Amino acid sequence: MKIENSNEKINPFGGINFLIQDIRKSGVLELIDNELGKRAPQAKYKHSELFLNLWSVFLCGGDCAEDINEHLKDYLQNIPKMKVANADTILLDLKNLKTEKEKVTSSQGNVYEINRNDKINQLNISILKHLGELKEGELYDFDYDNEILKTEKYDTKRTYKQVNGYFPSMATINGKPVYFENRDGNMNVKTIQEDVLERAYKMLNDNKIYINRSRMDCGSYTQKVVEVIEKYSKLFYIRAMKSQEMVHEIRNITKWEKVEINFIQYEVASIEYRPFNKKKAYRLVIMRCDKGNKQMDLFTNDTLEYRSILTNDWVSTEKQVIEYYNQRGCEEKVIDVLNNDFGWSKMPFSFMEENTVFLLVMIICKNIYSYLISKISKTCTWVNKNFRMKKFIFRFITVPTKWIKRGGQQIMKIYSQKQYNMSYI
């Protein structure tokens with residue numbers, strides 16, 4: 001086998017040219033600098049240029065900022081008008097965007113720390129609006145959850161899953177994160193959750209983004225949280241926590257309807273239910289099915305498994321309520337995507353407030369990626385808008401390209417028969 005070396009400057013990640021072109025054309029970079037402001041006079045790079053550097057790492061298959069030094073700098077520098085910094089400069093910019101942590105006290109008197117960054121949260125919403133992913137005056141469905149982020153950092157705490165990490169709060173609309181706050185790993189999910197939701201809903205409201213329906217798990221089953229949700233959302237669906245009072249009400253149900261949901265047979269029913277000191281009546285939608293074993297439940301005195309959803313939706317059928325609530329499982333996949341595709345599993349800093357900035361900047365990257373792949377999939381038949389990052393990189397990004405000058409123009413030569421030029425449309 002003969003080997004011949006070449007000095008040609010060929011970029012094996014040529015597809016990144018199209019993404020950078022589309023990001024520039026979208027006006028997102030100008031929006032970033034307008035909202036975050038100018039850096040120090042002596043700074044060589046704008047915020048937008050450093051963000052674009054960081055995003056390019058992950059869009060080319062890297063998993064940490066240092067990959068720009070080791071593997072990608074030469075290729076990115078070959079892109080016209082692309083200013084490429086080293087990893088230290090990128091990470092220093094993120095550090096400078098941090099906000100101070102706040103101390104909060106639970107109803108049990110426990111003190112925790114949280115960190116929120118309103119400026120970058122607002123930037124994220126502004127970008128979603130600018131790209132047309134959120135539109136003023138329209139009604140959207142809102143999902144909220146807390147998820148353990150496993151990591152070993154200087155200020156992480158032991159979580160209920162017996163691993164060290166943070167326990168952030170995140171709200172999404174149509175699978176796109178729209179609000180994020182970081183929290184101590186040992187913090188109870190219910191602690192000041194009503195305040196977090198108030199801030200999330202209000203920021204959306206201030207941007208004229210309104211909520212039709214809200215979905216949440218049993219961690220949001222408190223009176224204060226429900227009051228906040230009703231203030232900003234027309235309808236809500238919350239997994240209810242089992243109690244003796246609730247079981248007593250369920251045992252009095254005499255009429256059950258049989259339905260099939262996801263190929264499983266259930267019995268469903270609805271009752272009027274007054275939780276939280278019986279201040280207000282809501283609808284409780286109950287579903288039950290066989291456990292698959294003969295173990296007796298001490299609460300219900302039968303061998304059935306019960307689940308219930310608290311809602312103010314009195315119009316939808318029980319099946320419609322249950323199927324709509326079950327769709328929130330799709331929203332929970334967002335954390336998996338952020339962890340594995342956008343660097344959340346490898347936070348670069350030792351402290352919460354700095355990692356909050358990184359996590360938010362990568363949320364913006366994830367939202368921009370969703371916009372770009374949706375656009376590209378309309379003109380490039382070999383790309384599907386549902387591709388995860390790895391598949392998209394294999395199908396679109398990894399194509400050899402070379403920039404050449406001809407007739408006073410810069411022309412990108414693509415070593416492929418795929419019609420990449422269509423992605424400019």
Side-chain angles (χ1 to χ4, degrees), residues 23 28 31-32 35-36 51 54-55 58-59 94 97 99 114-135 138 140-149 151 165-183 189 193 196-207 209-217 219-220 232-233 327-347 352 355-374 385-386 388-389:
I23 291 172
V28 162
L31 181 59
I32 290 170
E35 295 225 356
L36 296 184
F51 283 16
L54 182 63
W55 297 340
F58 291 90
L59 293 170
L94 299 188
L97 291 170
T99 57
I114 67 168
N115 183 241
R116 56 194 180 99
N117 196 309
D118 293 341
K119 183 175 279 191
I120 305 182
N121 267 311
Q122 175 57 55
L123 173 63
N124 179 43
I125 294 175
S126 296
I127 288 173
L128 287 170
K129 288 172 61 179
H130 182 78
L131 296 176
E133 301 294 282
L134 293 177
K135 296 179 181 178
E138 291 198 8
Y140 293 94
D141 288 359
F142 175 99
D143 287 275
Y144 172 87
D145 204 0
N146 293 79
E147 190 72 27
I148 295 294
L149 293 185
T151 184
Y166 301 122
F167 195 25
S169 307
M170 188 168 74
T172 62
I173 290 176
N174 297 336
K176 300 175 181 65
V178 294
Y179 189 81
F180 177 87
E181 286 188 15
N182 216 343
R183 298 152 58 100
V189 67
Q193 187 184 136
V196 179
L197 286 168
E198 176 78 33
R199 290 191 285 268
Y201 281 124
K202 188 177 186 304
M203 184 171 284
L204 290 168
N205 234 38
D206 290 345
N207 283 275
I209 306 299
Y210 305 117
I211 304 303
N212 181 33
R213 300 181 292 186
S214 294
R215 283 181 298 206
M216 299 174 197
D217 65 15
S220 301
Y232 291 99
S233 178
Q327 289 171 15
R328 74 179 299 274
C330 299
E331 303 296 327
E332 292 173 347
K333 292 180 182 177
V334 174
I335 294 288
D336 175 63
V337 171
L338 287 164
N339 271 327
N340 294 296
D341 296 358
F342 295 93
W344 272 30
S345 61
K346 292 188 176 181
M347 287 175 257
M352 180 194 293
N355 283 318
T356 299
V357 177
F358 172 79
L359 297 171
L360 272 165
V361 169
M362 295 315 298
I363 278 176
I364 295 173
C365 181
K366 190 265 180 197
N367 286 336
I368 291 175
Y369 169 77
S370 297
Y371 162 78
L372 290 173
I373 195 171
S374 178
K385 67 179 182 179
N386 296 320
R388 290 285 294 266
M389 181 67 76

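The shown structure was predicted, so the numbers you read here are calculated from the model rather than taken from an experiment.
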Practice item. Starting from the C-alpha separation in whole Å, work towards a yes-or-no answer on side chain to side chain contact (heavy atoms under 4.5 Å, CB included) for I363 and L359. Key: CA-CA 6 Å; I363 278 176; L359 297 171; 5.6 Å; no
Exercise for review: Kindly indicate, with the supporting measurements, whether the criterion side chain to side chain contact (heavy atoms under 4.5 Å, CB included) is fulfilled by L123 and L360.
Suggested key: CA-CA 10 Å; L123 173 63; L360 272 165; over 6 Å; no
Review point. Side chain to side chain contact (heavy atoms under 4.5 Å, CB included) between R328 and D217: does it pass, once the steps are laid out?
Key: CA-CA 9 Å; R328 74 179 299 274; D217 65 15; 3.7 Å; yes
Exercise for review: For Y201 and F142, run ring pair (Phe, Tyr, Trp, His ring centres under 6.0 Å): C-alpha distance rounded to whole Å, both residues' side-chain angles, the deciding distance at 0.1 Å, then the answer.
Suggested key: CA-CA 9 Å; Y201 281 124; F142 175 99; 4.4 Å; yes
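The backbone N or O of K176 sits nowhere less than 3.5 Å from a side-chain atom of N174 that would complete a donor-acceptor pair. Listed for the Y140 side chain is a donor-acceptor partner under 3.5 Å among the backbone atoms of K135. Of the possible polar contacts, none joining the D143 side chain to the A171 backbone as a donor-acceptor pair under 3.5 Å is found. Side chain of E147 to main chain of S169: no donor-acceptor pair is present (N/O by atom type, distance under 3.5 Å, no hydrogens or angles). S220 places no side-chain N or O within donor-acceptor distance of the main-chain N or O of M216, the cut-off being under 3.5 Å. Looking at N117, its side chain never comes within 3.5 Å of a backbone N or O of V357 through a donor-acceptor pair. At distances below 3.5 Å, not a single donor-acceptor pair connects side-chain atoms of W344 with backbone N or O atoms of I335.
Residues Y144 and Q193 bring no donor and acceptor atom of their side chains to less than 3.5 Å of each other. Between N339 and S345, the side chains place no donor N or O within less than 3.5 Å of an acceptor N or O (distance only, hydrogens not considered). Under the 3.5 Å distance criterion, with hydrogens and angles disregarded, a donor-acceptor pair is assigned to the side chains of T99 and N115. Y179 and T172 share no side-chain donor-acceptor pair at under 3.5 Å.
Contact record, F51 with L97: CZ-CD1, 3.8 Å, taken as the closest heavy-atom pair. Closest approach of V334 to G175, counting heavy atoms only: CG2-O, 3.5 Å. Minimum heavy-atom separation, E35 to Q122: OE1-CG, 3.9 Å. Residues M203 and D118 share a closest heavy-atom pair of CE-O, 3.8 Å. Among all heavy-atom pairs drawn from P177 and L128, the shortest one is O-CD1, 3.9 Å. Counting all heavy atoms, side chain and backbone alike, I114 lies closest to M352 at C-SD, 4.1 Å.
When ring centroids are compared, F342 and Y369 come within the 6.0 Å threshold. If you look at F358 and W55, their ring centroids are not closer than 6.0 Å.
Between L94 and L54, the closest side-chain pair of non-hydrogen atoms falls below 4.5 Å. In this structure, the side chains of I127 and Y371 stay at 4.5 Å or more apart for every pair of heavy atoms. Between I173 and D141, every side-chain heavy-atom pair lies at or beyond the 4.5 Å cut-off. For the pair S233 and N212, the minimum side-chain heavy-atom distance is 4.5 Å or more. N146 has its side chain out of reach of P168: every pair of non-hydrogen atoms, C-beta onward, lies at least 4.5 Å apart. Between T151 and N355, every side-chain heavy-atom pair lies at or beyond the 4.5 Å cut-off. Side-chain contact between Y210 and E138: absent, with no pair of heavy atoms (C-beta onward) separated by less than 4.5 Å. Taking the side chain as every heavy atom from C-beta outward, K202 and Y232 approach each other to under 4.5 Å.
The CG atom of L134 sits 7.5 Å away from atom CG of L204, with the distance rounded to the nearest 0.5 Å. To the nearest 0.5 Å, atoms CD1 (I148) and OH (Y166) are separated by 12.5 Å. A distance of 15.5 Å separates CD1 in I125 from NE2 in H130, rounded to the nearest 0.5 Å. Between atom NZ of residue K129 and atom CG of residue N124 there is a gap of 12.0 Å, rounded to the nearest 0.5 Å. Note that CD of E133 and CD1 of I209 are 11.5 Å apart. Values are rounded to the nearest 0.5 Å. To the nearest 0.5 Å, the span separating CG on L197 from CD on E181 amounts to 9.5 Å.
For R388 and D341, the salt-bridge test passes: some basic side-chain N is under 4.0 Å from an acidic carboxylate O.
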